[in-house]
Amino acid sequence: MKVTIDRDRCIGAGQCVLAAATVFDQSDSDGRVVLLNSDPTADLAPDVTMAAALCPALVITVED
Amino acid sequence: MFRRVVIVGASAAGLTTAEALRRRGYDGTLTLVGDEPHAPYDRPPLSKQVLAGKWEPHKVVLRDDKALDDLGVELLLGHAADGLDTLGRRVLLAGGGTVDYDALVIATGVVPRRLLDTDLIGVHHLRTLDDALALRAQLLERPEQLVVVGAGFLGAEVAAVAREMGLDVTLVDPLPVPMLRQFGQRIGELIAQMHRDHGVSLCLGTGVSQFNQVGGRVTAVELADGSTIDADLVLVAVGAAPATGWLVGSGLSLQDGVECDARCQAGPGIYAAGDVASWYNPHFGVRMRLEHRMNATEQAIAVAGNLLGDDEPFAPVPYFWTDQYDTKIQAYGVFHPDAEFQLLSGDPSERRFTATYSKSGTVTGVLGWNSPRELLTLRQLVIDRTPLTSITAVG
């Protein structure tokens, strides 16, 4: 699974962190997303897919 | 099991319902009906990046053509729903035509409230992409004086964008501070000060009595106290009403939006999601209707689940935010007008702090002012219904 983010769009809502805390974090300075793991294992797929679906700014792209 | 799901409303809630159904394995037919000609797009950037010209308009599109194709959805764009026959299980379209359903999801959103004679040239509303582009075009004409009527989310954000473009802006509201209904007096005062610091003229505590005009073009806004403010451009941002006109006579209960139960169900095989849906939120023990972007997504996912038999109440902690100038205000929970406000950390004078809102001694909302990371952890206070007495204020 390949995860990419469009950090310019990020509004720092933090929904991705709530959905998949081992894959996403927020920066301390501006609250924007920090990608911790761009190639998460398959068992994280449901959480990462939910993070992408919940993101109100459509920042996260997930490819199989 | 439903085999023919029709979703009326092709914005965030409608599209997300379709995506969530497919993700969960629904392989029946899906029809998405939208009154605008545009493919589904996102609205929060309209009053921010799009209005400011920081984004090209196409950037608000929610999914590209390929993603929409892959979704396997019949897209009926440019078709407004005009009526609902619940016995025959069909949606009537404006200009004729019907769409049969087993299950219906109502996601028609809201329409801006109008004020006085708003057909005047120079008086704008902002809800759609076309509205945003029309207002943007007028801002680029460098009006001498923009008057924004209504200091809620939309009005305050547009005032900020226009000031950053160097325009003269007056923000008018009958309430004593901006965003009073959303965040109460204390935060309202801080927002008022922020706008003053950026050079916005605030005209608060007085409503608008009429628009003055010459030859059908607005020239001034007259206030209830008899004073007038010259204006060659006006944005009316006095809230929005649920888009339920097409449902009148359908038998559905339409008190404030489509009235649903805790599972977002409005009738047999009928659900609602997003701005148009009023439902009972068991976490807070109240009926609510939210015009927030995050709720459109969360409620749509919940509706998709319930369509597939989850039978789960929808009990979210609401999340919403606003961006004005370089300030981001974020909030989780509900913010009663009479809630007790308490600073939790940071300092308003340093433009970085968090605060709690509580009712009857229980935290119901947390707010962060330029504090996104900290606020995320405070969200738990709302989930846990934390007693105010157990929290130690730092600030």
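Because the structure is predicted, anything quoted here is derived from the model rather than measured. For the numbers below, each heavy atom of this structure counts, side chains included, while hydrogens, waters and symmetry mates do not. In the text below, chain A, chain B and the rest are named by the order of the sequence lines, each starting its count at 1.
Of residues 14-23 of chain A, those residues with a non-hydrogen atom less than 4.5 Å from any non-hydrogen atom of chain B are, in numerical order, A:Gly14, A:Gln15, A:Val17, A:Leu18. Heavy-atom neighbours of chain B within the stretch residues 48-64 of chain A, taken at a separation under 4.5 angstrom, comprise A:Thr49, A:Met50, A:Ala53, A:Leu54, A:Pro56, A:Leu58.
A salt bridge is absent between B:Arg379 and B:Asp384: the closest approach of a Lys/Arg side-chain nitrogen to an acidic carboxylate oxygen does not fall below 4.0 angstrom. Salt-bridge annotation for B:Arg263 and B:Glu312: absent, with no side-chain N of the basic residue lying under 4.0 Å from a carboxylate O of the acidic one. By the 4.0 Å N-to-carboxylate-O rule, A:Arg32 lies close enough to A:Asp30 to be salt-bridged with it. Ion pairing between B:Asp275 and B:Arg43 fails under the 4.0 Å rule for side-chain N and carboxylate O. Taking a cutoff of 4.0 Å between a charged side-chain nitrogen and a carboxylate oxygen, B:Arg24 and B:Asp310 qualify as a salt bridge.
Contact of B:Arg352 with chain A is made through the side chain alone, with heavy-atom distances under 4.5 Å. Proximity to chain A (any heavy atom under 4.5 Å) is restricted, for B:Tyr332, to the side chain, taken from C-beta onward. Only the side chain of A:Asp25 comes within contact range of chain B, judged by heavy atoms closer than 4.5 Å. Of the two parts of B:Ile301, only the side chain, counted from C-beta on, holds a non-hydrogen atom closer than 4.5 Å to a non-hydrogen atom of chain A.
Annotation: side chain of B:Ser47 is in contact with side chain of B:Leu126 (closest heavy-atom distance under 4.5 Å). Residues B:Leu71 and B:Leu15 form a side-chain contact, since some pair of their non-hydrogen atoms from C-beta on lies under 4.5 Å apart. When side chains are defined from C-beta on, B:Pro318 counts as touching B:Phe284, because their heavy atoms get closer than 4.5 Å.
Between B:Trp321 and B:Tyr319, the ring planes are parallel. Angles under 30° get that label, and only those over 60° would be called perpendicular. A parallel orientation is assigned to the rings of B:Phe183 and B:Phe320, their planes being inclined by less than 30° (bins at 30° and 60°).
Residues B:Leu343 and B:Pro348 share a closest heavy-atom pair of CD2-CD, 3.7 Å.
With chain A as partner, the option from B:Glu19, B:Met294, B:Arg293 having the largest number of non-hydrogen pairs under 4.5 angstrom is B:Met294.
For CG of B:Asp65, the number of neighbouring non-hydrogen atoms (other residues, nucleotides, ligands) closer than 6.0 Å is 12 at most.
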